Amino acid sequence: MSVDLRSLVPLLAALLLPAPAVAQWEGWDYEFDQEKKPWPEIQAQIPPYPRPQNLIEFEAGAASPHRFYIDSESISVGGDGVVRYTLVIRTSGGATNVTYEGMRCDVRQQKYYAIGRNDGTWSRARDPQWRRIEYKEVNRHHGVLYTDFFCNGKVPVKDAKQALDLLKYGSRPR
């Protein structure tokens, strides 16, 4: 049996023609579906209160007189894409502020889960809402954590070890 290849050309053209239209609709369906699906946040587990020997200092800009630390034992990257960590801020006036927080790299947001008390215990945050991380000249520690240590663009670090390495050995090259 002999097949004339010229007779197959219209058939092949008909099969290939809809591909761009299908690709266009697939993208539209994905975006449309993403708008309807709520983002599933996992329940945060409050870590043990930070111990001084586990604190890693990081530079948050020369404009701030405060010192900033991350508790190395508290860092985690959840299945929901949230980097969770304990932040310790020692103010120039001598006060110490401790917070357990989360950071969403995909939307550049930060959330407080718990506030540290002076007696070494936690109190749940009163209004745990996601807030946009804005650029600030002073006290820009969230922006620095986002840009230099926990997020690569809109993608979180792959695990706690990668975040620790960045905190210990320096931020990724720009």
Side-chain angles (χ1 to χ4, degrees), residues 34 36-174:
Q34 289 301 99
K36 286 185 172 185
K37 292 179 185 173
W39 168 71
E41 180 177 8
I42 64 172
Q43 184 173 354
Q45 299 297 315
I46 307 300
Y49 205 80
R51 297 180 5 204
Q53 65 267 28
N54 295 333
L55 298 181
I56 300 172
E57 187 170 9
F58 68 96
E59 181 65 41
S64 177
H66 309 314
R67 297 179 75 179
F68 301 89
Y69 305 86
I70 295 294
D71 174 24
S72 63
E73 297 296 307
S74 68
I75 300 172
S76 67
V77 182
D80 55 2
V82 175
V83 180
R84 292 180 177 84
Y85 55 92
T86 299
L87 174 68
V88 177
I89 302 173
R90 295 197 176 128
T91 69
S92 58
T96 299
N97 299 310
V98 180
T99 52
Y100 182 61
E101 310 179 1
M103 185 171 291
R104 287 186 63 192
C105 298
D106 61 337
V107 291
R108 194 180 174 104
Q109 292 181 336
Q110 173 271 335
K111 177 181 182 176
Y112 295 104
Y113 292 106
I115 312 298
R117 295 183 182 137
N118 290 336
D119 65 358
T121 61
W122 293 106
S123 172
R124 290 218 176 260
R126 281 186 238 157
D127 186 26
Q129 300 295 318
W130 289 102
R131 295 173 176 89
R132 177 106 175 122
I133 298 170
E134 302 293 340
Y135 176 80
K136 299 177 182 180
E137 273 304 314
V138 179
N139 294 335
R140 59 189 195 141
H141 49 283
H142 288 116
V144 170
L145 288 171
Y146 177 88
T147 303
D148 294 345
F149 303 111
F150 294 157
C151 304
N152 187 5
K154 292 183 177 264
V155 178
V157 289
K158 66 180 179 178
D159 54 27
K161 182 186 179 324
Q162 184 180 20
L164 282 170
D165 287 348
L166 289 167
L167 284 161
K168 289 178 182 177
Y169 307 117
S171 64
R172 60 181 62 82
R174 298 198 191 268

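Keep in mind that what you see is a predicted model, and the values were worked out from it rather than measured.
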Qualifying salt bridge (Lys or Arg N to Asp or Glu O under 4.0 Å) pairs, either residue in residues 38-48, two or more places apart
E41-R84, E41-K111

Taking the side chain as C-beta and beyond, is there a heavy-atom pair between E101 and V82 under 4.5 Å?
no

Got a sec, which pairs hit side-chain hydrogen bond (donor to acceptor under 3.5 Å, both in side chains) with one end in residues 67-78, sequence neighbours left out?
E57-R67, R67-Y69, S74-T86

Which residue pairs pass the disulfide (SG to SG under 2.5 Å) test with at least one member in residues 76-117, sequence neighbours excluded?
C105-C151

Would you please name every residue forming a side chain to side chain contact (heavy atoms under 4.5 Å, CB included) with N118, sequence neighbours left out?
none

Please tabulate, one pair per line, all N/O donor-acceptor pairs under 3.5 Å involving side-chain atoms of residues 43-53, not counting sequence neighbours.
unit_1, atom_1, unit_2, atom_2, d
Y49, OH, R117, O, 3.1

So does K161 pair up with D159, basic N to acidic O under 4.0 Å?
no

Is it the case that the ring center of F150 lies less than 6.0 angstrom away from the ring center of Y85?
yes

What residues form a side chain to side chain contact (heavy atoms under 4.5 Å, CB included) with R132, not counting sequence neighbours?
R108, E134

OH-CD1 distance between Y100 and I115, expressed to the nearest 0.5 angstrom
13.0 Å

Should Q110 and Y146 count as side-chain neighbours, where that means a heavy-atom distance under 4.5 Å?
no

If every non-hydrogen atom of R90 is compared with every non-hydrogen atom of L55, which pair is closest and at what distance?
NH2-CD1, 3.6 Å

Between F68 and I89, which heavy-atom pair has the shortest distance, and what is it?
CD2-CG1, 3.7 Å

